[in-house]
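To keep things clear, I will list the structure first and then write my remarks on it.
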Amino acid sequence: MAVDISAMWLVGIPLYAAGVFFTAVPFAAIFALMYLEEAIKFIPVVMRIRKRYWIKNLVKADAK
């Protein structure tokens, strides 16, 4: 959730606002910027998956 929120507010919304209000970029280019936000989110998500922070052992190994 933190990656989604930070990418949206720190990258996505400023890019969309700049594209709409300060440049004469067509709608298709603004729509393509949405995929840039997704690409930026990809890097920290892959890093988190590789570190295996999300894995929790639900079965105790020393059960007697």
Side-chain angles (χ1 to χ4, degrees):
M1 188 168 84
V3 173
D4 285 331
I5 291 171
S6 61
M8 179 177 61
W9 284 100
L10 298 176
V11 176
I13 293 176
L15 276 177
Y16 307 149
V20 169
F21 295 119
F22 302 122
T23 63
V25 178
F27 176 74
I30 300 296
F31 187 74
L33 286 176
M34 291 172 41
Y35 291 107
L36 178 64
E37 179 185 340
E38 295 296 325
I40 289 171
K41 286 192 283 190
F42 177 76
I43 296 166
V45 168
V46 168
M47 290 172 51
R48 183 165 175 87
I49 289 172
R50 286 189 180 164
K51 289 181 181 178
R52 299 179 182 252
Y53 288 142
W54 54 276
I55 297 176
K56 303 292 182 203
N57 188 1
L58 300 177
V59 179
K60 293 184 179 186
D62 59 355
K64 295 178 183 174

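Computed over heavy atoms, backbone and side chain alike; hydrogens, waters and symmetry mates excluded. As the structure is a computational prediction, the values presented were derived from the model and not from experiment.
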When clusters are formed by joining ILVMFWY residues with side-chain heavy atoms under 4.5 Å apart, either directly or through shared neighbours, do [X] and [Y] land in the same one?
X	Y	result
Ile30	Met34	yes
Val3	Ile49	yes
Ile55	Val59	no
Leu36	Phe31	yes

### Message
Between Glu37 and Leu15, is there a side-chain heavy-atom distance shorter than 4.5 Å?
### Response
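No, their side chains stay 4.5 Å or more apart.
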### Message
Can you list, by chain and residue number, the hydrophobic cluster partners of Val46 when the side-chain cut-off is 4.5 Å?
### Response
Phe42
### Message
Applying salt bridge (charged side-chain N to carboxylate O under 4.0 Å, His left out) as the test, list every pair that has at least one member in residues 4-13; sequence neighbours left out.
### Response
Asp4-Lys41
With a 3.5 Å cut-off and sequence neighbours excluded, list the donor-acceptor pairs that the side chains of residues 19-26 form with protein atoms.
| unit_1 | atom_1 | unit_2 | atom_2 | d |
| --- | --- | --- | --- | --- |
| Thr23 | OG1 | Gly19 | O | 2.8 |

### Message
Taking atom CE as the centre, does Met47 end up with more than 12 heavy-atom neighbours from other residues, nucleotides or ligands that are less than 6.0 angstrom away?
### Response
no
### Task
First locate atom OH of Tyr16, then atom CG of Leu33, and finally report the distance between them rounded to the nearest 0.5 Å.
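So the OH of Tyr16 and the CG of Leu33 are separated by 7.0 Å.
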